[in-house]
Amino acid sequence: MSELYIYNSYTREKEKFEPITPGHVGLYVCGPTVSGESHLGHARPYVTFDVVNRYLRHLGYKVRYVRNITDAGHFEEEGREATDKVAEKAILEKLEPMELVHKYTSLFHWAMRRFNTLEPSIEPTATGHIIEQIGMIETIIAKGFAYEVNGSVYFDVKKYAAEYPYGKLSGRVLDDLLETTRQLDGQDEKRDKADFALWKKAAPEHIMRWQSPWGVGYPGWHIECSAMSSKYLGERFDIHGGGMDLQFPHHESEIAQSTIAHGCAPVNYWMHNNMITINGKKMGKSYNNVIKLTELFSGDHPILEQAYHPMVIRFNILQSHYRSTLDFSNEGLQASEKALKRLWEAYEVLQQLPVANNDASDAELDAKARNWCLEAADFMNDDFNTAKVLANLFELAPVINSIKGGQIKADAISGATLQLIKDTFKTYLEDIFGLQPLKLVNDDKIGAVMQLVIDMRKQARSRKDFETSDKIRDMLATAGIHIKDEKGGEMSYTID
RNA sequence: GGUACCAUGGCCGAGCGGUUAGGCACCGGUCUGCAAAACCGUUUACAGCAGUUCGAAUCUGCUUGGUACCUCCA
(Lines give C-alpha, C1' and ligand atoms only; values in the text may rest on other atoms or scores of the structure.)
Protein backbone atom coordinates (compact mmCIF):
# COMPACT_ATOMS: atom_id res chain seq x y z
CA MET A 1 0.00 0.00 0.00
CA SER A 2 1.22 3.45 -0.92
CA GLU A 3 1.84 6.22 1.56
CA LEU A 4 -0.10 9.42 2.02
CA TYR A 5 1.15 12.46 0.18
CA ILE A 6 -0.29 15.89 0.85
CA TYR A 7 0.11 19.00 -1.27
CA ASN A 8 1.67 21.55 1.05
CA SER A 9 0.72 25.10 0.10
CA TYR A 10 3.77 26.35 1.95
CA THR A 11 6.28 24.48 -0.19
CA ARG A 12 3.99 24.10 -3.22
CA GLU A 13 4.86 20.46 -3.43
CA LYS A 14 3.30 17.15 -2.61
CA GLU A 15 5.04 15.87 0.47
CA LYS A 16 4.93 12.54 2.22
CA PHE A 17 2.83 12.88 5.33
CA GLU A 18 4.71 12.19 8.51
CA PRO A 19 3.02 13.16 11.75
CA ILE A 20 4.94 14.80 14.55
CA THR A 21 3.81 12.15 17.00
CA PRO A 22 3.53 8.71 15.43
CA GLY A 23 -0.05 7.56 15.29
CA HIS A 24 -1.48 10.98 16.09
CA VAL A 25 -2.51 13.90 13.92
CA GLY A 26 -3.29 17.46 14.94
CA LEU A 27 -5.65 19.05 12.44
CA TYR A 28 -6.78 22.66 12.62
CA VAL A 29 -9.31 24.15 10.23
CA CYS A 30 -10.45 27.76 10.18
CA GLY A 31 -14.10 27.74 11.15
CA PRO A 32 -16.88 30.12 10.26
CA THR A 33 -17.44 33.67 11.36
CA VAL A 34 -20.85 33.37 12.92
CA SER A 35 -22.08 36.85 12.20
CA GLY A 36 -24.35 35.50 9.46
CA GLU A 37 -25.70 32.42 7.73
CA SER A 38 -23.37 29.91 6.14
CA HIS A 39 -23.47 29.70 2.38
CA LEU A 40 -22.55 27.24 -0.35
CA GLY A 41 -18.95 28.38 -0.24
CA HIS A 42 -18.66 27.24 3.34
CA ALA A 43 -19.68 23.73 2.36
CA ARG A 44 -16.45 23.14 0.49
CA PRO A 45 -13.81 23.40 3.22
CA TYR A 46 -15.89 21.63 5.82
CA VAL A 47 -16.72 18.74 3.50
CA THR A 48 -13.16 18.62 2.20
CA PHE A 49 -11.57 18.53 5.63
CA ASP A 50 -14.24 16.20 6.93
CA VAL A 51 -12.99 13.72 4.35
CA VAL A 52 -9.39 14.45 5.33
CA ASN A 53 -10.31 13.83 8.95
CA ARG A 54 -12.20 10.64 8.09
CA TYR A 55 -9.42 9.36 5.88
CA LEU A 56 -6.74 9.95 8.49
CA ARG A 57 -8.88 8.04 10.97
CA HIS A 58 -9.36 5.30 8.41
CA LEU A 59 -5.58 5.05 8.17
CA GLY A 60 -5.53 4.44 11.89
CA TYR A 61 -4.43 7.82 13.16
CA LYS A 62 -5.88 9.29 16.28
CA VAL A 63 -6.94 12.70 15.02
CA ARG A 64 -7.53 15.73 17.14
CA TYR A 65 -9.61 17.92 14.89
CA VAL A 66 -9.93 21.51 16.04
CA ARG A 67 -12.25 23.87 14.20
CA ASN A 68 -12.86 27.26 15.72
CA ILE A 69 -15.89 29.50 15.82
CA THR A 70 -15.07 33.12 15.16
CA ASP A 71 -17.55 34.99 17.28
CA ALA A 72 -15.76 38.23 17.99
CA GLY A 73 -13.10 40.65 17.08
CA HIS A 74 -13.30 40.02 13.40
CA PHE A 75 -13.05 43.56 12.24
CA GLU A 76 -12.60 45.00 8.85
CA GLU A 77 -11.05 48.27 7.95
CA GLU A 78 -13.05 49.95 5.29
CA GLY A 79 -12.18 53.57 5.14
CA ARG A 80 -11.43 54.94 8.54
CA GLU A 81 -13.63 52.89 10.73
CA ALA A 82 -12.62 49.62 12.20
CA THR A 83 -15.85 47.75 12.73
CA ASP A 84 -16.64 44.55 14.45
CA LYS A 85 -18.83 42.41 12.22
CA VAL A 86 -20.54 40.67 15.07
CA ALA A 87 -21.30 43.88 16.88
CA GLU A 88 -22.49 45.54 13.71
CA LYS A 89 -24.86 42.75 12.81
CA ALA A 90 -26.10 42.50 16.36
CA ILE A 91 -27.24 46.11 16.23
CA LEU A 92 -28.84 45.48 12.86
CA GLU A 93 -30.78 42.46 14.07
CA LYS A 94 -31.51 44.00 17.44
CA LEU A 95 -29.91 41.10 19.22
CA GLU A 96 -27.37 40.81 21.96
CA PRO A 97 -24.04 39.90 20.35
CA MET A 98 -24.01 36.54 22.04
CA GLU A 99 -27.61 35.97 21.04
CA LEU A 100 -26.67 36.57 17.42
CA VAL A 101 -23.62 34.38 17.64
CA HIS A 102 -25.62 31.59 19.22
CA LYS A 103 -28.25 31.75 16.50
CA TYR A 104 -25.78 31.43 13.67
CA THR A 105 -23.64 28.88 15.45
CA SER A 106 -26.69 26.67 15.84
CA LEU A 107 -27.58 27.12 12.20
CA PHE A 108 -24.04 26.22 11.20
CA HIS A 109 -24.13 23.06 13.30
CA TRP A 110 -27.45 22.09 11.79
CA ALA A 111 -26.03 22.45 8.29
CA MET A 112 -22.93 20.46 9.21
CA ARG A 113 -25.09 17.64 10.52
CA ARG A 114 -27.07 17.59 7.31
CA PHE A 115 -23.79 17.29 5.43
CA ASN A 116 -22.98 14.36 7.70
CA THR A 117 -19.67 15.85 8.78
CA LEU A 118 -18.08 14.40 11.88
CA GLU A 119 -17.95 16.81 14.77
CA PRO A 120 -14.59 18.34 15.51
CA SER A 121 -12.86 17.11 18.64
CA ILE A 122 -12.74 20.65 19.97
CA GLU A 123 -14.64 23.68 18.71
CA PRO A 124 -13.16 26.64 20.56
CA THR A 125 -14.60 30.13 20.34
CA ALA A 126 -12.65 33.34 20.04
CA THR A 127 -14.54 34.96 22.91
CA GLY A 128 -13.71 32.01 25.11
CA HIS A 129 -10.01 32.58 24.56
CA ILE A 130 -9.49 36.30 25.08
CA ILE A 131 -7.02 35.61 27.90
CA GLU A 132 -4.92 33.33 25.71
CA GLN A 133 -4.92 35.89 22.94
CA ILE A 134 -3.87 38.69 25.28
CA GLY A 135 -1.12 36.47 26.66
CA MET A 136 0.19 35.78 23.20
CA ILE A 137 0.15 39.45 22.26
CA GLU A 138 2.11 40.26 25.42
CA THR A 139 4.73 37.73 24.44
CA ILE A 140 5.04 39.21 20.97
CA ILE A 141 5.42 42.70 22.42
CA ALA A 142 8.01 41.45 24.87
CA LYS A 143 9.98 39.97 22.04
CA GLY A 144 9.91 43.29 20.27
CA PHE A 145 7.76 42.42 17.28
CA ALA A 146 4.65 44.37 18.20
CA TYR A 147 4.00 47.86 19.44
CA GLU A 148 1.18 49.67 21.14
CA VAL A 149 -0.34 52.88 19.87
CA ASN A 150 -3.34 54.56 21.51
CA GLY A 151 -4.66 51.37 23.03
CA SER A 152 -4.21 49.29 19.90
CA VAL A 153 -1.41 46.80 19.25
CA TYR A 154 0.10 46.12 15.84
CA PHE A 155 2.44 43.47 14.58
CA ASP A 156 5.67 44.83 13.13
CA VAL A 157 5.72 43.12 9.76
CA LYS A 158 8.80 44.88 8.44
CA LYS A 159 10.91 43.81 11.37
CA TYR A 160 9.61 40.28 11.08
CA ALA A 161 10.25 40.16 7.35
CA ALA A 162 13.87 41.13 7.89
CA GLU A 163 14.49 37.85 9.68
CA TYR A 164 11.80 35.49 8.43
CA PRO A 165 10.33 34.64 5.04
CA TYR A 166 7.18 36.71 5.35
CA GLY A 167 5.02 36.12 2.29
CA LYS A 168 6.27 32.67 1.51
CA LEU A 169 2.95 30.95 2.10
CA SER A 170 0.98 33.31 -0.10
CA GLY A 171 3.74 33.91 -2.62
CA ARG A 172 4.10 37.55 -1.88
CA VAL A 173 6.97 39.99 -1.70
CA LEU A 174 6.74 42.50 1.12
CA ASP A 175 8.01 45.37 -1.02
CA ASP A 176 5.23 44.75 -3.52
CA LEU A 177 2.70 44.76 -0.74
CA LEU A 178 3.96 48.06 0.53
CA GLU A 179 3.71 49.60 -2.87
CA THR A 180 0.40 48.22 -3.93
CA THR A 181 -1.63 48.21 -0.76
CA ARG A 182 -4.57 50.43 -1.38
CA GLN A 183 -4.23 53.91 0.00
CA LEU A 184 -6.34 54.07 3.10
CA ASP A 185 -6.85 56.94 5.47
CA GLY A 186 -6.65 56.59 9.19
CA GLN A 187 -3.77 54.20 9.19
CA ASP A 188 -1.46 56.69 10.81
CA GLU A 189 -1.27 54.56 13.91
CA LYS A 190 0.59 51.86 12.10
CA ARG A 191 4.27 52.27 11.55
CA ASP A 192 3.86 50.53 8.27
CA LYS A 193 0.98 49.79 5.98
CA ALA A 194 1.69 46.08 6.03
CA ASP A 195 1.38 45.88 9.80
CA PHE A 196 -1.72 44.18 11.10
CA ALA A 197 -3.66 44.58 14.29
CA LEU A 198 -3.30 42.18 17.17
CA TRP A 199 -5.55 44.18 19.45
CA LYS A 200 -7.86 47.03 18.63
CA LYS A 201 -9.04 49.75 20.96
CA ALA A 202 -12.81 49.77 21.29
CA ALA A 203 -14.68 52.96 20.58
CA PRO A 204 -17.15 53.92 23.34
CA GLU A 205 -20.16 52.66 21.37
CA HIS A 206 -18.53 49.35 20.59
CA ILE A 207 -20.42 46.56 22.33
CA MET A 208 -17.92 43.73 22.03
CA ARG A 209 -15.20 44.83 24.47
CA TRP A 210 -12.74 43.35 26.90
CA GLN A 211 -10.29 44.72 29.42
CA SER A 212 -6.65 44.34 28.45
CA PRO A 213 -3.24 45.71 29.43
CA TRP A 214 -3.76 48.30 26.68
CA GLY A 215 -7.22 49.38 27.74
CA VAL A 216 -10.65 48.27 26.66
CA GLY A 217 -10.72 46.69 23.23
CA TYR A 218 -11.10 43.54 21.21
CA PRO A 219 -8.73 41.09 19.54
CA GLY A 220 -7.55 41.12 15.95
CA TRP A 221 -8.76 38.42 13.65
CA HIS A 222 -5.58 36.49 13.03
CA ILE A 223 -4.51 36.08 16.63
CA GLU A 224 -7.41 33.84 17.64
CA CYS A 225 -6.39 30.96 15.43
CA SER A 226 -2.80 31.15 16.61
CA ALA A 227 -3.84 31.25 20.25
CA MET A 228 -6.36 28.42 20.01
CA SER A 229 -4.40 26.11 17.74
CA SER A 230 -1.33 26.30 19.96
CA LYS A 231 -3.41 25.79 23.08
CA TYR A 232 -5.05 22.59 21.86
CA LEU A 233 -2.61 21.19 19.34
CA GLY A 234 0.71 22.53 20.57
CA GLU A 235 3.09 25.15 19.30
CA ARG A 236 3.81 23.01 16.29
CA PHE A 237 1.17 20.77 14.81
CA ASP A 238 0.57 18.72 11.69
CA ILE A 239 -2.07 20.10 9.38
CA HIS A 240 -3.73 23.48 9.07
CA GLY A 241 -6.55 23.79 6.57
CA GLY A 242 -8.80 26.46 5.19
CA GLY A 243 -9.96 28.20 2.07
CA MET A 244 -7.44 29.58 -0.38
CA ASP A 245 -8.70 33.06 0.23
CA LEU A 246 -7.41 32.83 3.76
CA GLN A 247 -3.83 32.32 2.66
CA PHE A 248 -3.30 36.03 2.74
CA PRO A 249 -3.39 37.79 5.03
CA HIS A 250 -4.88 35.44 7.60
CA HIS A 251 -2.58 32.44 7.45
CA GLU A 252 0.49 34.46 6.59
CA SER A 253 -0.15 36.47 9.74
CA GLU A 254 -0.71 33.35 11.78
CA ILE A 255 2.69 32.08 10.78
CA ALA A 256 4.34 35.38 11.70
CA GLN A 257 2.65 35.67 15.10
CA SER A 258 3.23 32.10 16.11
CA THR A 259 6.79 32.08 14.91
CA ILE A 260 7.61 35.02 17.16
CA ALA A 261 5.52 33.92 20.13
CA HIS A 262 6.67 30.30 20.14
CA GLY A 263 9.99 30.39 18.38
CA CYS A 264 8.97 27.96 15.68
CA ALA A 265 6.78 27.80 12.62
CA PRO A 266 3.36 26.57 13.72
CA VAL A 267 2.37 24.18 10.97
CA ASN A 268 3.97 21.33 9.04
CA TYR A 269 1.40 20.96 6.27
CA TRP A 270 -0.76 23.81 5.01
CA MET A 271 -3.77 22.70 3.00
CA HIS A 272 -6.00 25.06 1.08
CA ASN A 273 -9.18 24.20 -0.73
CA ASN A 274 -10.12 26.18 -3.83
CA MET A 275 -13.22 28.29 -4.20
CA ILE A 276 -16.70 27.48 -5.41
CA THR A 277 -17.73 29.80 -8.20
CA ILE A 278 -21.07 30.79 -9.61
CA ASN A 279 -21.00 31.53 -13.32
CA GLY A 280 -17.26 31.69 -13.07
CA LYS A 281 -17.21 34.21 -10.26
CA LYS A 282 -16.25 33.52 -6.72
CA MET A 283 -19.19 33.49 -4.40
CA GLY A 284 -18.88 36.13 -1.80
CA LYS A 285 -20.59 38.96 -0.06
CA SER A 286 -18.71 41.39 -2.23
CA TYR A 287 -20.20 39.85 -5.39
CA ASN A 288 -23.79 39.66 -4.22
CA ASN A 289 -24.11 36.12 -5.50
CA VAL A 290 -24.31 34.25 -2.25
CA ILE A 291 -26.54 31.21 -1.95
CA LYS A 292 -27.14 30.34 1.67
CA LEU A 293 -27.23 26.72 2.71
CA THR A 294 -30.81 27.02 3.90
CA GLU A 295 -31.75 28.29 0.45
CA LEU A 296 -29.84 25.51 -1.24
CA PHE A 297 -31.64 22.85 0.79
CA SER A 298 -35.04 24.44 0.15
CA GLY A 299 -34.50 25.58 -3.43
CA ASP A 300 -35.69 29.03 -2.47
CA HIS A 301 -33.35 31.24 -4.48
CA PRO A 302 -33.64 32.81 -7.95
CA ILE A 303 -30.59 30.98 -9.26
CA LEU A 304 -31.85 27.59 -8.12
CA GLU A 305 -34.07 25.42 -10.32
CA GLN A 306 -34.82 23.04 -7.48
CA ALA A 307 -33.88 22.13 -3.94
CA TYR A 308 -30.67 20.16 -3.53
CA HIS A 309 -30.13 17.52 -0.91
CA PRO A 310 -27.06 18.06 1.27
CA MET A 311 -25.70 14.71 0.09
CA VAL A 312 -25.94 15.84 -3.52
CA ILE A 313 -23.84 18.87 -2.70
CA ARG A 314 -21.40 16.74 -0.77
CA PHE A 315 -21.15 14.31 -3.66
CA ASN A 316 -20.71 17.14 -6.15
CA ILE A 317 -17.84 18.51 -4.11
CA LEU A 318 -16.17 15.11 -3.98
CA GLN A 319 -16.43 14.68 -7.75
CA SER A 320 -13.81 17.37 -8.21
CA HIS A 321 -10.41 17.73 -6.62
CA TYR A 322 -10.31 20.06 -3.64
CA ARG A 323 -7.60 22.25 -5.14
CA SER A 324 -9.57 22.96 -8.32
CA THR A 325 -12.20 25.63 -8.55
CA LEU A 326 -15.66 24.12 -8.68
CA ASP A 327 -18.26 25.95 -10.69
CA PHE A 328 -21.76 25.76 -9.35
CA SER A 329 -24.55 25.03 -11.78
CA ASN A 330 -28.01 23.53 -11.67
CA GLU A 331 -26.98 21.10 -14.40
CA GLY A 332 -23.94 20.03 -12.44
CA LEU A 333 -25.88 19.39 -9.26
CA GLN A 334 -28.67 17.59 -11.11
CA ALA A 335 -26.09 15.37 -12.76
CA SER A 336 -24.61 14.69 -9.35
CA GLU A 337 -28.00 13.84 -7.96
CA LYS A 338 -28.60 11.20 -10.61
CA ALA A 339 -25.09 9.89 -10.32
CA LEU A 340 -25.32 9.55 -6.56
CA LYS A 341 -28.66 7.75 -6.82
CA ARG A 342 -27.26 5.30 -9.35
CA LEU A 343 -24.14 4.64 -7.34
CA TRP A 344 -26.08 4.19 -4.14
CA GLU A 345 -28.53 1.80 -5.76
CA ALA A 346 -25.62 -0.25 -7.02
CA TYR A 347 -24.31 -0.24 -3.46
CA GLU A 348 -27.64 -1.55 -2.19
CA VAL A 349 -27.70 -4.23 -4.87
CA LEU A 350 -24.17 -5.14 -3.89
CA GLN A 351 -25.14 -5.69 -0.30
CA GLN A 352 -27.74 -8.25 -1.40
CA LEU A 353 -25.31 -10.30 -3.46
CA PRO A 354 -24.36 -13.52 -1.69
CA VAL A 355 -20.68 -14.21 -1.26
CA ALA A 356 -19.76 -17.75 -2.23
CA ASN A 357 -16.48 -19.53 -1.86
CA ASN A 358 -15.85 -19.77 -5.59
CA ASP A 359 -12.91 -19.02 -7.84
CA ALA A 360 -13.24 -16.55 -10.68
CA SER A 361 -14.49 -17.98 -13.97
CA ASP A 362 -13.59 -14.72 -15.70
CA ALA A 363 -10.05 -14.05 -14.55
CA GLU A 364 -9.72 -10.86 -16.55
CA LEU A 365 -12.80 -9.25 -15.10
CA ASP A 366 -11.84 -10.45 -11.66
CA ALA A 367 -8.44 -8.81 -11.95
CA LYS A 368 -9.95 -5.58 -13.22
CA ALA A 369 -12.47 -5.42 -10.42
CA ARG A 370 -9.83 -6.18 -7.85
CA ASN A 371 -7.64 -3.43 -9.27
CA TRP A 372 -10.44 -0.86 -9.21
CA CYS A 373 -10.83 -1.56 -5.52
CA LEU A 374 -7.17 -1.50 -4.65
CA GLU A 375 -6.45 1.65 -6.60
CA ALA A 376 -8.80 3.61 -4.37
CA ALA A 377 -6.23 3.78 -1.60
CA ASP A 378 -3.55 5.00 -4.00
CA PHE A 379 -5.86 7.74 -5.24
CA MET A 380 -6.65 8.91 -1.73
CA ASN A 381 -2.99 8.81 -0.83
CA ASP A 382 -2.29 11.06 -3.78
CA ASP A 383 -3.48 14.24 -2.08
CA PHE A 384 -7.03 13.00 -1.49
CA ASN A 385 -8.13 12.44 -5.07
CA THR A 386 -11.73 11.64 -4.31
CA ALA A 387 -12.79 12.16 -7.94
CA LYS A 388 -10.71 9.23 -9.11
CA VAL A 389 -11.99 6.98 -6.36
CA LEU A 390 -15.54 7.75 -7.41
CA ALA A 391 -14.66 7.04 -11.04
CA ASN A 392 -13.51 3.58 -10.00
CA LEU A 393 -16.65 2.93 -8.02
CA PHE A 394 -18.61 3.85 -11.14
CA GLU A 395 -16.58 1.29 -13.05
CA LEU A 396 -17.71 -1.31 -10.56
CA ALA A 397 -21.38 -0.32 -10.65
CA PRO A 398 -22.17 -2.07 -13.99
CA VAL A 399 -20.36 -5.17 -12.80
CA ILE A 400 -22.51 -5.27 -9.69
CA ASN A 401 -25.72 -4.61 -11.60
CA SER A 402 -24.82 -7.16 -14.25
CA ILE A 403 -24.23 -9.88 -11.70
CA LYS A 404 -27.65 -9.22 -10.30
CA GLY A 405 -29.22 -8.88 -13.76
CA GLY A 406 -27.58 -12.03 -15.02
CA GLN A 407 -25.60 -10.39 -17.81
CA ILE A 408 -22.53 -11.50 -15.91
CA LYS A 409 -22.44 -14.92 -14.34
CA ALA A 410 -22.42 -14.96 -10.58
CA ASP A 411 -19.16 -16.89 -10.48
CA ALA A 412 -17.38 -14.59 -12.94
CA ILE A 413 -15.53 -13.01 -10.06
CA SER A 414 -14.32 -14.88 -7.06
CA GLY A 415 -16.00 -14.77 -3.69
CA ALA A 416 -12.96 -13.04 -2.30
CA THR A 417 -13.17 -10.32 -4.93
CA LEU A 418 -16.87 -9.80 -4.33
CA GLN A 419 -16.14 -9.40 -0.66
CA LEU A 420 -13.41 -6.90 -1.53
CA ILE A 421 -15.87 -4.90 -3.60
CA LYS A 422 -18.31 -4.90 -0.73
CA ASP A 423 -15.66 -3.72 1.68
CA THR A 424 -14.46 -1.06 -0.72
CA PHE A 425 -17.92 0.42 -1.24
CA LYS A 426 -18.64 0.44 2.47
CA THR A 427 -15.28 1.92 3.35
CA TYR A 428 -15.17 4.68 0.78
CA LEU A 429 -18.80 5.57 0.29
CA GLU A 430 -19.84 5.53 3.91
CA ASP A 431 -16.78 5.71 6.14
CA ILE A 432 -14.48 8.02 4.21
CA PHE A 433 -16.75 10.03 1.93
CA GLY A 434 -19.46 10.19 4.56
CA LEU A 435 -22.23 9.72 2.02
CA GLN A 436 -25.72 8.62 2.89
CA PRO A 437 -28.74 7.55 0.86
CA LEU A 438 -30.91 10.45 -0.24
CA LYS A 439 -33.93 9.03 1.49
CA LEU A 440 -34.15 6.58 4.30
CA VAL A 441 -36.94 4.14 3.47
CA ASN A 442 -36.63 1.99 6.56
CA ASP A 443 -40.00 3.08 7.80
CA ASP A 444 -41.76 -0.09 8.92
CA LYS A 445 -45.24 1.25 8.32
CA ILE A 446 -44.52 2.43 4.79
CA GLY A 447 -42.72 -0.84 4.19
CA ALA A 448 -45.80 -2.80 5.23
CA VAL A 449 -48.06 -0.71 3.01
CA MET A 450 -45.69 -1.07 0.09
CA GLN A 451 -45.59 -4.82 0.57
CA LEU A 452 -49.36 -4.89 0.32
CA VAL A 453 -49.43 -2.68 -2.76
CA ILE A 454 -46.73 -4.71 -4.43
CA ASP A 455 -48.57 -7.95 -3.74
CA MET A 456 -51.71 -6.54 -5.28
CA ARG A 457 -49.84 -5.36 -8.33
CA LYS A 458 -48.16 -8.73 -8.73
CA GLN A 459 -51.56 -10.42 -8.68
CA ALA A 460 -52.93 -7.98 -11.23
CA ARG A 461 -50.01 -8.64 -13.50
CA SER A 462 -50.27 -12.38 -13.15
CA ARG A 463 -53.82 -12.25 -14.49
CA LYS A 464 -52.67 -9.77 -17.18
CA ASP A 465 -54.77 -7.00 -15.68
CA PHE A 466 -52.36 -4.36 -16.91
CA GLU A 467 -54.87 -1.59 -16.45
CA THR A 468 -54.78 -2.12 -12.70
CA SER A 469 -51.05 -2.73 -12.50
CA ASP A 470 -50.29 0.42 -14.51
CA LYS A 471 -52.68 2.43 -12.42
CA ILE A 472 -50.89 1.38 -9.25
CA ARG A 473 -47.55 2.24 -10.78
CA ASP A 474 -48.69 5.60 -12.10
CA MET A 475 -50.37 6.69 -8.93
CA LEU A 476 -47.38 5.74 -6.84
CA ALA A 477 -45.17 7.65 -9.25
CA THR A 478 -47.33 10.70 -8.79
CA ALA A 479 -46.77 10.34 -5.08
CA GLY A 480 -43.03 10.11 -5.65
CA ILE A 481 -42.66 6.35 -5.27
CA HIS A 482 -41.19 4.52 -8.23
CA ILE A 483 -41.81 0.84 -8.82
CA LYS A 484 -39.26 -1.20 -10.67
CA ASP A 485 -40.15 -4.53 -12.22
CA GLU A 486 -37.27 -6.84 -11.68
CA LYS A 487 -36.49 -9.92 -13.65
CA GLY A 488 -38.49 -12.89 -12.46
CA GLY A 489 -41.51 -10.83 -11.46
CA GLU A 490 -40.02 -9.26 -8.34
CA MET A 491 -40.58 -5.59 -7.66
CA SER A 492 -38.62 -2.99 -5.81
CA TYR A 493 -39.28 0.66 -5.20
CA THR A 494 -37.55 3.92 -4.54
CA ILE A 495 -38.92 7.02 -2.90
CA ASP A 496 -37.98 10.52 -4.03
C1' G B 1 -0.73 48.28 -11.52
C1' G B 2 1.70 43.89 -8.83
C1' U B 3 1.55 38.41 -7.98
C1' A B 4 -0.27 33.74 -8.94
C1' C B 5 -3.38 30.27 -11.23
C1' C B 6 -6.51 28.25 -15.08
C1' A B 7 -8.20 27.23 -20.32
C1' U B 8 -10.26 19.40 -21.73
C1' G B 9 -15.89 16.67 -26.01
C1' G B 10 -23.32 19.35 -25.42
C1' C B 11 -22.61 20.25 -19.78
C1' C B 12 -19.69 18.95 -15.30
C1' G B 13 -15.07 17.09 -14.32
C1' A B 14 -10.08 13.60 -13.74
C1' G B 15 -5.49 13.76 -16.01
C1' C B 16 1.59 15.59 -14.22
C1' G B 17 5.11 12.35 -21.64
C1' G B 18 3.04 6.78 -24.54
C1' U B 19 -2.80 3.29 -21.91
C1' U B 20 -11.06 4.12 -22.97
C1' A B 21 -10.85 8.50 -16.65
C1' G B 22 -15.63 9.04 -14.69
C1' G B 23 -20.58 11.41 -14.24
C1' C B 24 -24.83 13.73 -16.75
C1' A B 25 -27.10 14.40 -21.55
C1' C B 26 -27.74 12.48 -26.70
C1' C B 27 -28.22 8.35 -30.21
C1' G B 28 -28.71 2.91 -31.38
C1' G B 29 -29.66 -1.89 -29.27
C1' U B 30 -30.97 -5.95 -25.36
C1' C B 31 -34.54 -7.00 -21.66
C1' U B 32 -39.89 -5.85 -20.67
C1' G B 33 -47.24 -6.56 -21.73
C1' C B 34 -45.86 -1.22 -21.77
C1' A B 35 -42.74 2.07 -19.05
C1' A B 36 -38.84 2.96 -15.78
C1' A B 37 -34.48 0.89 -14.13
C1' A B 38 -30.53 -2.12 -15.54
C1' C B 39 -27.15 -3.92 -19.31
C1' C B 40 -24.39 -3.47 -24.17
C1' G B 41 -22.64 -0.27 -28.02
C1' U B 42 -21.68 4.49 -30.56
C1' U B 43 -20.72 9.75 -31.22
C1' U B 44 -18.64 14.56 -30.08
C1' A B 45 -11.79 16.69 -26.60
C1' C B 46 -7.76 18.71 -25.08
C1' A B 47 -8.04 27.78 -26.58
C1' G B 48 -4.47 29.38 -30.78
C1' C B 49 0.57 29.46 -32.89
C1' A B 50 5.53 27.80 -32.72
C1' G B 51 9.22 24.60 -30.33
C1' U B 52 11.51 20.20 -27.43
C1' U B 53 10.78 14.74 -28.05
C1' C B 54 10.65 8.52 -31.37
C1' G B 55 6.00 10.21 -29.08
C1' A B 56 2.52 15.98 -25.78
C1' A B 57 -3.90 17.37 -23.30
C1' U B 58 0.52 16.57 -20.28
C1' C B 59 7.26 20.04 -21.03
C1' U B 60 9.05 25.28 -23.15
C1' G B 61 7.96 30.11 -25.44
C1' C B 62 4.56 33.50 -27.41
C1' U B 63 -0.69 35.01 -28.34
C1' U B 64 -5.73 35.21 -26.79
C1' G B 65 -9.43 34.59 -23.04
C1' G B 66 -10.75 33.93 -17.87
C1' U B 67 -10.27 33.75 -12.55
C1' A B 68 -8.19 34.62 -7.80
C1' C B 69 -5.24 37.29 -4.26
C1' C B 70 -3.11 42.20 -3.11
C1' U B 71 -9.37 44.81 1.62
C1' C B 72 -13.64 41.26 4.95
C1' C B 73 -14.09 36.55 2.65
C1' A B 74 -14.47 29.29 2.81
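So that the names make sense, note that chain A is the first sequence line, chain B the second, and so on, each numbered from 1. What you see below is based on every heavy atom in this structure, not just the backbone, and it leaves out hydrogens, waters and symmetry mates.
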Could you give the distance separating [M] and [N] at their [atom1] atoms, to the nearest angstrom?
N: B/U67; M: B/U8; atom1: P; value: 14 Å
N: B/U71; M: B/C16; atom1: P; value: 36 Å
N: B/G18; M: B/G23; atom1: P; value: 22 Å
N: B/G28; M: B/A35; atom1: P; value: 13 Å
N: B/G22; M: B/G41; atom1: P; value: 11 Å
N: B/A14; M: B/A4; atom1: P; value: 24 Å
N: B/A56; M: B/U19; atom1: C1'; value: 14 Å
N: B/A25; M: B/A37; atom1: P; value: 8 Å

Aro-ring/base stack A/F394-B/G23, d under 5.5 Å, angle under 30°
no

Taking salt bridge (Lys or Arg N to Asp or Glu O under 4.0 Å) as the definition, give me every residue that meets it alongside [X], ordered by chain and number, with sequence neighbours left out.
X: A/R370; answer: none
X: A/D238; answer: none
X: A/E364; answer: none

A correct 5'-to-3' footprint of nucleotides 36-42 of chain B, with B, S and - meaning base, sugar-phosphate only and no protein heavy atom under 4.0 Å, is BSSSS--

When you compare the protein's N or O atoms with those of nucleotides 65-69 of chain B, which come within less than 3.5 Å of each other, and at what distance?
unit_1: B/U67; atom_1: OP1; unit_2: A/K281; atom_2: NZ; d: 3.0
unit_1: B/A68; atom_1: OP1; unit_2: A/K282; atom_2: N; d: 3.2
unit_1: B/A68; atom_1: OP1; unit_2: A/Y287; atom_2: OH; d: 3.2
unit_1: B/C69; atom_1: OP1; unit_2: A/K282; atom_2: NZ; d: 2.1
unit_1: B/C69; atom_1: O2'; unit_2: A/R172; atom_2: NH1; d: 2.9
unit_1: B/C69; atom_1: O2'; unit_2: A/R172; atom_2: NH2; d: 2.8

Tabulated below should be each protein N or O lying under 3.5 Å from an N or O of nucleotides 8-10 of chain B; please produce it.
none

What residues form a ring pair (Phe, Tyr, Trp, His ring centres under 6.0 Å) with A/F248, not counting sequence neighbours?
none

Base, sugar-phosphate, or nothing for A/L393, non-hydrogen atoms under 4.0 angstrom?
nothing

Enumerate the salt bridge (charged side-chain N to carboxylate O under 4.0 Å, His left out) contacts for residues 400-413 of chain A, please, sequence neighbours excluded, ordered by first and then second residue.
A/K404-A/E486

Separation of B/U32 C1' from A/R457 CZ (nearest whole Å):
11 Å

Look at atom NZ of A/K422 and say whether more than 12 heavy atoms of other residues, nucleotides or ligands are closer to it than 6.0 Å.
yes

With sequence neighbours excluded, residues passing side-chain contact (heavy atoms from CB on, under 4.5 Å) with [X]:
X: A/T125; value: A/I69, A/D71, A/T127
X: A/A161; value: A/Y166, A/L174
X: A/N371; value: A/E375

Identify all stems in which RNA chain B takes part, counting only runs of at least 3 consecutive pairs (Watson-Crick or G-U wobble, each distance under 3.5 Å), and give each as one range with another, ordered by first number.
B:1-7 with B:64-70, B:10-12 with B:22-24, B:27-30 with B:38-41, B:47-51 with B:59-63

Candidate list A/Y10, A/F49, A/Y28, test ring pair (Phe, Tyr, Trp, His ring centres under 6.0 Å), partner A/H240, passing option:
A/Y28

